[in-house]
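Heads up, the thing below is written out as structure tokens.
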Amino acid sequence: MRCLDMEKIRVRFAPSPTGELHIGGARTALFNWLFARRYGGEMILRIDDTDRQRSSPEYLKTILTSLRWLGLDWDEGPEIGGNHGPYTQSEHLEVYSEIAHKLVEEGKAYLCFCSAEELTAAKEKQREKGLPPRYNGCCRNITSEEREKRKAAGSYIIRFLSPEKGETIVDDLIRGKVTFENKIFDDFIIVKSDGLPTYNFASVIDDQNMNITHVIRAEEHLSNTPRQVMIALKLGYEVPLYAHVPMILAPDHSKLSKRHGATSVQEYRELGILPEALLNYLSLLGWSPGEDKEIMDIKEIISFFSLERVSKNPAIYDIKKLIWLNGHYLRTMELEEVVDRALPFLKEENLISEEIAPEEYEKIKIIVDLVRERVKTLREVADASLYFFRDEFEYDEKGVEKHFRKEGAADLLNQISSALENAEPFQPEEIKEELEKLSKKLEIPLSQINLPTRLALTGRTMGPDLMGLIAVLGKRKAAERLKKVIDLFNLA
RNA sequence: GGCCCCUUCGUCUAAUCGGUUAGGACACCAGCCUUUCAAGCUGGCAGCAGGGGUUCGAAUCCCCUAGGGGUCACCA
């Protein structure tokens, strides 16, 4: 057990670059980061890329990008270095190999020459018999002479010699002491036939060499932990403190996967979710500040965070709450902040050009302010403001049927056009006055005027404040659009 | 199947040592506001998995059952 008063807290997030950063990984990264920041510790980023087949530099890049986008930084790791590098496992493979062979020399591990096919066949048999699939230990007692001969002849793997008696206890900060009987473990593999270490092995060595004090990771690793503890003990390492945080599950209670829709940080970013909202939401999955407080900025989350308040049970991930939170952030953030983040989405939809003149920016600001009350994502900002930037758009069919396809529609639209003509200056207040005047003159309710106006100007039956909308559009465009629908729908 | 973890409204969660009308949030429903739609405000619906103990008293402690999840890979 570690003596924590004497050393600085050091935690690590160790993704393997075999996919994008998903929501579960992001939450694990977040909890590590919060723990480090809360207690003045250090956050290390390590890349666990010992799976040659599935790891790729592209995935690594998106993971780093996602972490940075979320605002989770690291004190040591890829791209910034540190005193405990290299921070990518594939860059110091000799270390693992050396230690593995040392264990073999000491009789704590041994070479196994069984082929992958033989092993899977044997396991299949055991499964059929209803027995747990275990390695039968057939290479345990090969003589050193025989070993050298076969070693020269072909590839081999290295297995850890598991103790047959006793128990291994994992002291978990969240779950308490968890006891495993040693006899349930078979001689698991620590070095694969390609010479690369397995996760359980490499991880233990790196945690030691990087001086990791707390291993905070998802609960799926709890069952692996005794193996790691056994290795650490055999190697004479200090065992770090563990904290296994609950899993994040899909709404159908299964493990989160592609078929559950957006699961990666990157996808949420593209959907127009704000990092602030995602971080806030993620922090609430398996943790709570202990009071009725849910909307928190990152500083507050750090100040409230503690592992004692992390819950034990898995959390089912509910996108509705994330979306709601995002909407909340969208309408409470500084307007300019929202505008700046919406800009890329507007560009992507080809609503604005790459370069924006200052006066155009001011106009966009007014537009974003107008629509942000009723959208929940940045992407929706683009959709909701489409007709401000384009003159061509669809008209809501039901709306057309209801407000245009009737006697006197053309006349009404013309009257509205004239009324708007009189609004001077062309500002919401004045526009409203003119439309109200028209409503009185025609002796019809204001809504009978507003609805067709909105439809003619935007193609939609709902949207932001009509007067504000008309003002932004401008007198000329408003008149053009009102006239246009008369021809377009052949109104009488 | 073996082992391990978990179990409070549909969902995320609160309830420090056992004593609360079991609290908040999302979602849902209703009302208010209103030029539409939202937003906002107000109110409502809804939960201690089940069964045994221990105790004056249990969501909270113990046991059993059930359910969910994880793991048992030359993946991490």
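In what follows, every chain begins at residue 1, and chains take the letters A, B, ... in the order their sequences are listed.
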Please determine whether a side-chain nitrogen or oxygen atom of A:Ser447 lies at a distance below 4.0 Å from atom OP1 or OP2 of B:U36.
no
Should the ring pair A:Tyr96 and A:His92 be called parallel, tilted or perpendicular, given that the plane angle runs from 0 to 90° and is split at 30 and 60?
perpendicular
Base, sugar-phosphate or nothing for A:Gly327? Non-hydrogen atoms, less than 4.0 Å.
nothing
Looking at every strand, decide which applies to A:Lys376 at a 4.0 Å heavy-atom threshold: base, sugar-phosphate, or nothing.
sugar-phosphate
Base paired to B:A15 (Watson-Crick or G-U; both N/O distances under 3.5 angstrom)
none
From C-beta outward on A:Asp48, which listed nucleotide comes closest to its side chain: B:U11, B:A76, B:C12?
B:A76
At 4.0 Å (heavy atoms only), tell me whether A:Arg309 reaches a base, stays on the sugar-phosphate, or touches nothing.
sugar-phosphate
Are A:Ser203 and A:Arg12 close enough that a side-chain donor and a side-chain acceptor fall under 3.5 Å?
yes
Selection from B:U13, B:C74, B:U11 that lies nearest to any side-chain heavy atom of A:Ser288
B:U13
If you compare every side-chain N and O of A:Arg54 against the phosphate oxygens of B:C74 (OP1, OP2), does one of them come in below 4.0 Å?
no
What I want to check is whether the side chains of A:Glu167 and A:Asn182 have a donor and an acceptor closer together than 3.5 Å.
no
Nearest to the side chain of A:Lys321, which nucleotide is it out of B:A76, B:U11, B:C26?
B:C26
Could you tell me if the ring centre of A:Tyr395 sits under 6.0 Å from that of A:Phe393?
yes
Report yes if at least one side-chain N or O of A:Arg331 is closer than 4.0 Å to OP1 or OP2 of B:G40; otherwise report no.
yes
Among B:G24, B:U11, B:A73, the one nearest A:Asp186 by side-chain distance
B:A73
For B:G68, does OP1 or OP2 lie under 4.0 Å from any side-chain N or O of A:Lys255?
no
With a 4.0 Å cut-off on heavy atoms, is A:Thr332 in touch with a base, just the backbone sugar-phosphate, or nothing at all?
nothing
Side-chain donor/acceptor of A:Asp465 to base of B:U36, under 3.5 Å:
no
Between A:Trp287 and A:Phe305, is the ring centre distance below 6.0 Å?
yes
Students often get this wrong, so: under 4.0 angstrom with heavy atoms, is A:Arg159 touching a base, only sugar-phosphate, or nothing?
nothing
OP1 or OP2 of B:U7 sitting under 4.0 Å from any side-chain N/O of A:Lys312?
no
A:Asn224 vs B:A73: side-chain N/O to OP1/OP2 distance below 4.0 Å
no
Checking B:G40, B:U35, B:C12 against the side chain of A:Ala315 (C-beta onward), the nearest is B:C12
Winner on side-chain proximity to A:Val178, out of B:C4, B:A14, B:A76, is B:C4
Of all the nucleotides listed (B:A39, B:U71, B:C26), which has the minimum atom distance to the side chain of A:Lys320?
B:C26
